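Sequence positions, counted from 1, serve as the residue numbers for this chain. If you're wondering where the values come from, they're calculated on a predicted model, not measured in any experiment.
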Amino acid sequence: MATNQSNKISVVGAGAIGTLIGGLIKHHRPELELVLITRGPHGERMQQTGAAVLEGYWGSHSVPVTSTTDYQQIADSDLILFTVKSQATVETAEQIAPYLGDAVVVSLQNGINQHNLLKFVRSDRLLVGMTATNMDLTEPGVVSLQRNGVSVIGSPTAEVPAARVADARETLALSGLQFESSQNILGVQYNKLLMNTMGYASVLSASN
């Protein structure tokens with residue numbers, strides 16, 4: 001799925017992170033088809049306006065998007081960004097499985113969920129990762145970039161060709177955000193998990 005061949009990207013679980021990444025790719029590649037699978041007031045607002053408002057160091061972009069709750073709309077995607085809450089991984093992956101086709105699925109979630117995703121996603125099509133980018137859903141339909149951190153993706157198995165990983169990274173980097181790839185993505189995930197745990201402990205103990 002080289003960048004010059006990507007015609008359709010879908011985001012499953014498009015909250016703040018999925019809307020921002022997908023929307024920025026659409027902003028830079030307006031000819032690309034973008035489908036956001038959404039729910040709640042955020043999704044309803046984008047359905048009403050037909051756009052997502054993205055705020056950051058670039059100012060403000062109003063990007064035309066297709067917002068829907070219909071999983072069938074992801075069919076024929078080249079790349080699917082999977083950004084649902086970890087606890088919804090199995091339920092959502094099972095529901096989208098019939099529509100995945102040959103899409104490359106990139107999971108950017110908190111936690112380590114590849115063992116669940118591999119039940120529904122082909123092992124040669126699944127990439128996982130983590131992000132240190134921070135964004136905020138300031139109001140329904142509006143996402144604000146708070147920190148442009150690095151996102152890292154990689155293959156959880158040995159079955160994804162390196163070229164496929166590189167193409168996915170290149171496509172995601174069209175957002176203008178920082179994307180890298182790693183051959184040790186499990187180590188990257190565990191480091192992120194450890195940092196999250198330390199952060200939670202700091203908050204609970206009212207210390208740093």
Side-chain angles (χ1 to χ4, degrees), residues 1-3 6 8-26 28 34-37 56 74 77-90 92-93 96-97 100 102-136 143 145-199:
M1 189 208 59
T3 298
S6 300
K8 181 176 180 179
I9 293 178
S10 295
V11 181
V12 177
I17 181 172
T19 301
L20 184 73
I21 295 173
L24 285 173
I25 293 173
K26 174 70 173 179
H28 293 292
L34 174 68
V35 173
L36 303 182
I37 302 296
I74 72 172
S77 294
D78 298 300
L79 184 144
I80 295 171
L81 186 60
F82 192 83
T83 54
V84 304
K85 300 293 186 183
S86 285
Q87 60 268 29
T89 297
V90 172
T92 305
I96 68 172
L100 295 179
D102 290 328
V104 172
V105 178
V106 181
S107 167
L108 276 184
Q109 300 172 272
N110 285 323
I112 298 171
N113 302 303
Q114 42 262 45
H115 60 292
N116 286 320
L117 287 167
L118 284 167
K119 298 174 185 176
F120 307 100
V121 182
R122 287 167 46 185
S123 57
D124 65 335
R125 287 291 191 272
L126 177 64
L127 301 177
V128 299
M130 56 72 60
T131 183
T133 303
N134 184 262
M135 65 287 295
D136 183 36
V143 180
L145 177 68
Q146 306 295 307
R147 182 184 66 216
N148 187 9
V150 176
S151 300
V152 184
I153 65 169
S155 171
T157 72
E159 298 181 43
V160 182
R164 187 167 294 156
V165 178
D167 285 348
R169 187 212 65 80
E170 184 179 353
T171 296
L172 293 169
L174 289 171
S175 64
L177 303 175
Q178 302 176 70
F179 276 90
E180 298 179 359
S181 60
S182 173
Q183 294 182 339
N184 181 26
I185 193 61
L186 186 61
V188 173
Q189 288 178 304
Y190 272 111
N191 282 338
K192 176 64 160 35
L193 191 62
L194 176 61
M195 294 300 292
N196 285 349
T197 302
M198 293 172 62

Does CD in Q183 sit with more than 12 non-hydrogen atoms of other residues, nucleotides or ligands closer than 6.0 Å?
-> no
Nearest heavy-atom pair of [X] and [Y]: which atoms, and what distance?
| X | Y | result |
| --- | --- | --- |
| R125 | D102 | NE-O, 2.8 Å |
| Q178 | N148 | NE2-O, 2.6 Å |
| T92 | V84 | CG2-CG1, 3.9 Å |
| S77 | A103 | O-CB, 3.2 Å |
| N113 | T89 | CG-OG1, 3.8 Å |
| K85 | Q109 | O-NE2, 3.9 Å |

Please assess L177 against L24 for the test side-chain contact (heavy atoms from CB on, under 4.5 Å), listing each intermediate value before the final yes or no.
-> CA-CA 9 Å; L177 303 175; L24 285 173; 4.0 Å; yes
So V121 and F82, side-chain contact (heavy atoms from CB on, under 4.5 Å) or not? Walk me through it.
-> CA-CA 11 Å; V121 182; F82 192 83; over 6 Å; no
Check whether [X] reaches the backbone of [Y] with its side chain - one donor and one acceptor, N or O, closer than 3.5 Å.
| X | Y | value |
| --- | --- | --- |
| S175 | I25 | no |
| S181 | G154 | no |
| R122 | L100 | no |
| S86 | N110 | yes |

Within this structure, what is the [atom1]-[atom2] distance for the pair [X] and [Y], rounded to the nearest 0.5 Å?
| X | Y | atom1 | atom2 | answer |
| --- | --- | --- | --- | --- |
| I17 | T131 | CD1 | OG1 | 4.5 Å |
| L172 | L81 | CG | CG | 6.5 Å |
| L36 | T83 | CG | OG1 | 9.0 Å |
| K26 | L174 | NZ | CG | 13.0 Å |
| T133 | Q146 | OG1 | CD | 11.5 Å |

Looking at side-chain heavy atoms only, is the closest gap between [X] and [Y] below 4.5 Å?
| X | Y | result |
| --- | --- | --- |
| S10 | I37 | no |
| I80 | V12 | yes |
| R164 | D124 | yes |
| V11 | I21 | no |
| F179 | V106 | no |

Set of side chain to side chain contact (heavy atoms under 4.5 Å, CB included) partners for T157, sequence neighbours left out | L118, S123, S155, E159, V160
Which of I74, V35, L34 passes side chain to side chain contact (heavy atoms under 4.5 Å, CB included) with K8? It is V35
Does D136 have any salt bridge (charged side-chain N to carboxylate O under 4.0 Å, His left out) partners at least two apart in sequence or in another chain, and if so, which?
-> none
